[in-house]
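The block underneath contains the structure these notes are about, expressed in structure tokens.
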There are 2 protein chains.
Amino acid sequence: MADDYPFDGGDPPHHGGDVAAAARAFGLPRAGWLDLSTAVNPHAYPVASISREGVLRLPDSADDRSLREAAASYYRAPDWRSMVPAPGSQALIRWLPRLRAAGRVAVVGTTFAEHARSWRIAGHEVALVPALDRATDGYDVVVLCNPNSPDGRRTAPGQIIDEARRLATDGGWLVVDEAFADLAPEVSVAAAGVPGLVVLRSFGKFFGLPGLRLGFAVAGGDLARTLADALGPWAVSGWAGAIARAAFADDAWITRMRATLARDAQRMDALLMGRALNVVGGTALFRLVETANADSVFDSLARARILVRRFPDMPGRLRFGLPGRRRDWDRFGRALEDAAE
Amino acid sequence: MADDYPFDGGDPPHHGGDVAAAARAFGLPRAGWLDLSTAVNPHAYPVASISREGVLRLPDSADDRSLREAAASYYRAPDWRSMVPAPGSQALIRWLPRLRAAGRVAVVGTTFAEHARSWRIAGHEVALVPALDRATDGYDVVVLCNPNSPDGRRTAPGQIIDEARRLATDGGWLVVDEAFADLAPEVSVAAAGVPGLVVLRSFGKFFGLPGLRLGFAVAGGDLARTLADALGPWAVSGWAGAIARAAFADDAWITRMRATLARDAQRMDALLMGRALNVVGGTALFRLVETANADSVFDSLARARILVRRFPDMPGRLRFGLPGRRRDWDRFGRALEDAAE
């Protein structure tokens with residue numbers, strides 16, 4: 001497996017979502033792009049009205065408590081004290097490596113590149129390992145994304161909990177990034193309450209509001225306190241808190257959206273395979289394709305101002321997020337016909 | 001001077017703005033409070049309309065660049081590369097101590113308690129010193145708030161720049177928290193561009209939107225890069241970026257607001273001194289009072305559901321933020337009459 005993470009931090013990883021950079025690279029205007037390079041729900045949670053009131057003051061202790069209670073209920077965490085809100089799970093990914101002495105860290109990869117980078121720039125020695133069962137001995141911390149991106153690989157909760165327990169006996173941590181587990185709640189270990197287990201959740205992906213910057217850690221008592229104290233008071237915006245409290249409690253929307261996205265993902269698979277693009281993995285928010293023509297498909301779509309995700313270290317693979325509106329599906333379908341010819 | 005910061009981190013400091021806690025302490029409902037315990041502009045920047053569009057995607061490189069350019073222009077920083085946006089200056093206060101080896105830190109105090117706490121929980125040895133001119137030798141980092149809260153003390157820019165240069169010769173930093181410098185731009189050193197000088201700015205206080213969570217560091221090239229890289233991508237919300245870009249460019253609002261707040265502060269002084277409460281310091285966003293009756297004034301105002309700021313380590317002092325609406329001024333004036341009898 002290629003190790004796509006430079007040592008000593010190195011250059012920042014390549015991410016999806018940078019339409020501005022794609023527009024520059026292709027000499028096209030920034031406007032009018034259909035961005036399928038991120039894995040964000042295109043049917044965003046319907047924010048009824050945003051009033052300025054929500055940000056005229058700092059969130060207080062009651063706001064903090066009620067957000068953590070709502071999150072604990074939605075994520076099925078042991079209790080509100082185990083929930084740590086943050087301005088995006090990325091903030092937690094950056095903080096965790098700073099809360100323990102430099103050690104040996106295994107990242108189950110290939111996966112979201114910010115994990116390895118964050119541990120490396122904090123001074124840890126990071127290795128990529130192919131699966132959780134090979135990442136057992138000699139590491140202080142193991143990082144796993146479940147389901148994983150870009151391939152959608154799932155790891156069984158029982159295996160995760162066993163590994164967390166084993167690591168915890170020597171003070172180790174198992175960090176499980178469940179950014180895509182809203183659509184696969186059966187794989188989540190947020191309810192486990194095992195010492196040394198840290199679960200990361202992303203609000204923005206499933207609820208379709210990534211620019212809000214809201215994520216959570218679920219961790220055992222001491223670690224949750226340490227993490228919350230590291231982030232400090234007022235970590236998340238008043239608007240993020242208010243919207244999340246409403247969204248977490250909206251069971252009807254959540255249930256309907258799971259069905260909608262499952263159907264959308266099937267529709268995407270049909271489109272892709274109809275163009276001889278083999279779907280080799282994914283979740284209901286993104287599909288991974290393997291093709292010898294990845295570069296030409298990417299370029300052709302980009303010329304139609306449709307941005308998908310490619311991976312410098314996996315040149316034969318492309319990841320497709322889901323269009324939302326009917327006209328975006330139609331536009332994508334037409335562009336894909338041209339691209340795959 | 002009392003050292004109000006416990007070692008080893010200790011309990012979190014007491015802050016203004018926790019109406020929920022005050023309501024609990026006084027057995028009163030949480031609703032209907034007039035919160036003068038924070039030092040936030042009550043005339044918030046008029047956010048015309050907030051559309052969901054602003055948070056449907058992650059901010060991209062063009063969003064990041066334009067926010068940093070707008071901030072550099074408003075804060076008169078050397079260039080956009082020296083600006084590091086963060087979800088509140090509090091996030092920067094927590095990150096800075098993690099970016100250098102444990103050392104000796106002098107905080108010019110008494111001041112905002114999160115500075116000392118943040119350096120301590122990151123493993124540094126922290127001392128309080130009474131003024132910048134006494135904080136010269138033997139420290140790796142010096143932290144100064146300018147103007148300071150709660151007393152409004154100002155330190156001359158020339159002295160700050162000299163001290164930053166001196167510290168920088170041994171790799172030291174001078175951290176200047178200019179959270180209240182919007183109303184005193186003449187004291188700002190954001191334009192200085194001196195190595196080792198880190199200036200922190202708060203968007204929420206002057207623009208009256210603290211719950212938005214937006215702050216900036218102004219730092220020399222290498223340190224700005226290190227800090228931005230520590231925070232990682234997508235540090236601030238799409239809404240925060242959009243509102244700040246508009247606000248930074250609104251010269252008419254900024255000019256008018258400086259005059260309004262200066263007038264409001266005079267009005268507050270007249271009210272306080274008319275009740276024999278001696279104003280001993282402050283900025284145009286808060287006034288500091290010294291009185292033998294601080295506890296009874298605090299309690300009496302709280303029973304009228306008006307929260308002001310008291311300081312456990314300075315029992316004779318109270319800090320008053322500014323009311324905004326006419327009816328809040330009237331309510332405060334009446335409650336103050338009762339309180340100061």
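As a basis for the values below, the full set of heavy atoms in this structure was taken, side chains included, without hydrogen atoms, waters or symmetry mates. The sequence lines fix the lettering, A, B, ..., with proteins before strands; numbering per chain opens at 1.
Ranked by heavy-atom pairs under 4.5 Å with chain A, the list B:Ala122, B:Ala44, B:Gly17 is led by B:Ala44. Between chain A and the options B:Gly238, B:Pro59, B:Pro233, heavy-atom pairs under 4.5 Å are most frequent for B:Pro233. Chain A forms the most heavy-atom pairs under 4.5 Å with one residue out of B:Pro87, B:Ala62, B:Pro210, B:Ala20, and that residue is B:Pro210. Looking only at heavy-atom pairs under 4.5 Å with chain A, the residue among B:Asp64, B:Ile243, B:Leu56 that has the most is B:Leu56. Among B:Val47, B:Val236, B:Leu212, the residue with the largest count of heavy-atom pairs under 4.5 Å with chain A is B:Leu212. When each of A:Arg65, A:Gln90, A:Arg52, A:Arg24 is checked for heavy-atom pairs under 4.5 Å with chain B, A:Arg52 comes out on top. Contact count against chain B (heavy-atom pairs under 4.5 Å) is highest for A:Asp60 among A:Thr226, A:Leu99, A:Val19, A:Asp60.
One side chain, A:Ser149 or A:Arg319, offers a donor N or O that lies under 3.5 Å from an acceptor on the other. Side chains of B:Ser89 and B:Arg201: a donor-acceptor N/O pair is absent below 3.5 angstrom, by distance only. A donor and an acceptor atom, one from each side chain of B:Arg213 and B:Ser237, are nowhere located under 3.5 Å apart. Side-chain polar atoms of B:Thr38 and A:Arg57 form no donor-acceptor pair below 3.5 angstrom.
Residue contact with chain B, scored on non-hydrogen atoms closer than 4.5 Å, involves the side chain of A:Val40 exclusively. Heavy atoms closer than 4.5 Å to chain B are found in the side chain of A:Arg30, but not in its backbone. In this structure, chain B has no heavy atom under 4.5 Å from any part of A:Phe207. Proximity to chain B involves both the backbone and the side chain of A:Pro46, based on heavy atoms less than 4.5 angstrom apart. Residue contact with chain B, scored on non-hydrogen atoms closer than 4.5 Å, involves the backbone of A:Leu231 exclusively. Using a 4.5 Å cut-off between heavy atoms, B:Asp63 contacts chain A through both its backbone and its side chain. Proximity to chain B is absent for every atom of A:Ala91, based on heavy atoms less than 4.5 angstrom apart.
Of the listed residues (A:Leu96, A:Val198, A:Val175), just one forms a side chain to side chain contact (heavy atoms under 4.5 Å, CB included) with A:Val141, and that residue is A:Val175.
Ring geometry for B:Trp234 against A:Phe112 counts as parallel: the plane angle stays under 30°, on a 0 to 90° scale with 60° as the upper cut.
Between A:Arg94 and A:Glu114, at least one side-chain nitrogen of the basic residue sits less than 4.0 Å from a carboxylate oxygen of the acidic one, meeting the salt-bridge criterion.
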Evaluate the ring-ring contact (aromatic ring centres under 6.0 Å, His included) criterion for residues B:Phe248 and B:Phe216: first the C-alpha distance (whole Å), next the side-chain angles of each, then the deciding distance (0.1 Å), finally the verdict. CA-CA 13 Å; B:Phe248 285 147; B:Phe216 295 89; 5.7 Å; yes

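Aromatic rings from A:Trp253 and A:Phe206 are positioned such that their centres are separated by under 6.0 Å.
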